[in-house]
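What follows is a set of notes on a single structure, which appears directly below.
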Amino acid sequence: MDDQTRMLAGLAGLGGLSQGDVGDPDSVRKQLGQPQQDIGDILQQIMAITDESLDEAQARKHALNCHRMKPALFSVLCEIKEKTVLSIRGIQDEDPPDPQIMRLDNMLLAEGVSGPEKGGGSAAAAAAAAAAGGSPGADGGIEHSDYRAKLAQIRQIYHSELEKYEQACSEFTNHVMNLLREQSRTRPISPKEIERMVAIIHRKFSSIQMQLKQSTCEAVMILRSRFLDARRKRRNFNKQATEVLNEYFYSHLSNPYPSEEAKEELAKKCAITVSQVSNWFGNKRIRYKKNIGKFQEEANLYAVKTAVDAASVSAQASQANSPATPNSGGYPAPCYTPDGRL
DNA sequence: ACGTATGATTTAAC
DNA sequence: GTTAAATCATACGT
């Protein structure tokens with residue numbers, strides 16, 4: 001910091017000098033068409049600074065600060081600068097709430113990354129415990145807990161990074177502010193300008209934060225596609241469950257739409273969820289309708305089965321000896337029509 | 001390895 | 001909300 005003020009003071013002191021004979025800068029200048037000061041001059045000045053002693057610079061600075069015209073000059077310079085800078089800057093309204101960042105924030109909140117801390121690392125443990133506890137019907141409890149664990153990991157990284165950025169931002173802001181305040185004793189820097197600078201820094205850092213948020217979102221998306229889509233890592237229902245469902249379907253072929261209660265009962269019988277029952281019936285209806293012929297055999301089988309069951313309940317003795325051979329083809333299977341209500 | 005079966009998801013209509 | 005229909009992605013049998 002002091003080096004810089006020293007340098008500035010040095011430059012100010014040497015500003016008027018022009019020394020011609022440093023190499024051959026003229027040719028360069030002509031080639032490049034630079035009307036301003038020679039690069040050579042600037043180099044010279046910089047070199048000269050290093051020759052100065054600290055005391056010399058300090059003395060020069062002090063002299064400058066104590067000059068009787070200094071305050072007046074300073075305020076005039078400030079004013080000029082304020083005008084020009086402001087006119088250049090134009091109207092730069094404060095932070096308009098970036099829709100992009102809001103979107104990201106919402107998403108992170110929805111995914112529970114930036115939301116209220118739900119126990120952090122213990123969330124995974126709790127989920128694992130819940131899965132181990134064996135909640136009946138919990139589909140993919142173990143995988144879900146795995147997902148949670150990974151999500152918690154992402155959340156942790158996200159928060160630590162965010163904290164790092166925030167700390168760096170405030171540190172940097174402080175540093176710059178101190179620097180500017182210090183320099184404002186020798187350079188025309190108004191408080192407004194400092195404010196503006198701080199705003200610029202904050203904008204920069206918030207753009208970094210947005211990158212962080214964006215990449216976190218991406219990570220969550222990838223995780224989702226890996227795990228939640230892994231929900232699709234389906235397992236076929238067991239034979240008994242399929243049997244129960246098919247029995248219901250074929251015995252209600254004229255109107256295969258189980259009520260909510262029926263669904264619940266079926267779900268309980270098959271040890272699956274109600275929505276799984278709904279899925280099954282949805283799939284079954286459409287697939288049956290699409291190709292009734294293909295399902296004819298199955299339909300006969302279940303029709304016979306239910307018939308036999310009913311018969312065996314009503315007249316066990318008489319039916320006991322006749323093993324119901326599925327007389328495939330001959331059985332007039334009830335035909336489910338799309339408009340139902342046969 | 002490949003085709004089919006099957007549970008889950010998505011889309012659109014109601 | 002439910003549903004049909006299309007579609008996805010895997011399981012399963014050959």
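Here is the naming used below: chain letters follow the sequence lines, and residue numbers restart at 1 for every chain. From a predicted model like this one, the values you see are computed outputs, not experimental measurements. When reading the values below, keep in mind they use all heavy atoms of this one structure, side chains included, and skip hydrogens, waters and symmetry mates.
- Aromatic pair A/Y302/A/F249: centroids not less than 6.0 angstrom apart.
- Taking 4.0 angstrom as the limit, A/K263 places a side-chain polar atom (N or O) nearer than this to OP1 or OP2 of C/dT3.
- Of the possible polar contacts, none joining the A/Q44 side chain to the A/D41 backbone as a donor-acceptor pair under 3.5 Å is found.
- Atom-to-atom, CZ of A/F237 to C1' of B/dA5 comes out at 13 Å; the value is rounded to the nearest Å.
- Within the structure, a side-chain polar atom (N or O) of A/K294 is placed less than 4.0 Å from OP1 or OP2 of B/dA5.
- Closest to the side chain of A/R287, out of C/dT2, C/dC8, C/dA4, is C/dC8.
- A/K284 has no side-chain polar atom (N or O) that falls below the 4.0 Å cut-off from OP1 or OP2 of B/dT6.
- The separation between A/R235 atom CZ and C/dA9 atom C1' is 15 Å, rounded to whole Å.
- Listed nucleotides: B/dA5, C/dA4, C/dA11. Nearest to the side chain of A/I286: C/dA4.
- Annotation: the span from A/L162 atom CG to A/Q167 atom CD amounts to 12.0 Å, rounded to 0.5 Å.
- One can place CZ of A/F281 at 19 Å from C1' of B/dT9, the figure rounded to the nearest angstrom.
- For B/dG7, the OP1/OP2 oxygens have no side-chain nitrogen or oxygen of A/Q276 closer than 4.0 Å.
- In this structure, A/N238 places its CG atom 14 Å from C1' of B/dT6, rounding to the nearest Å.
- Note: A/Y248 and A/F281 meet the aromatic proximity criterion, with ring centroids under 6.0 Å apart.
- Both A/N279 and A/N236 sit near DNA chain B, but only A/N236 has its closest nucleotide nearer the 5' end.
- No side-chain N or O of A/K305 forms a donor-acceptor pair with one of A/N246 less than 3.5 Å apart.
- Listed pair A/Y257 / C/dA4 meets the phosphate criterion, a side-chain N or O lying under 4.0 Å from OP1 or OP2.
- One atom, CD of A/E260, and another, C1' of C/dT2, lie 10 Å apart when rounded to the nearest Å.
- Within the 4.0 Å cut-off from OP1 or OP2 of C/dA4, at least one side-chain nitrogen or oxygen of A/R285 is found.
- As rounded to whole Å, 14 Å separates atom P of B/dT10 from atom CG of A/N283.
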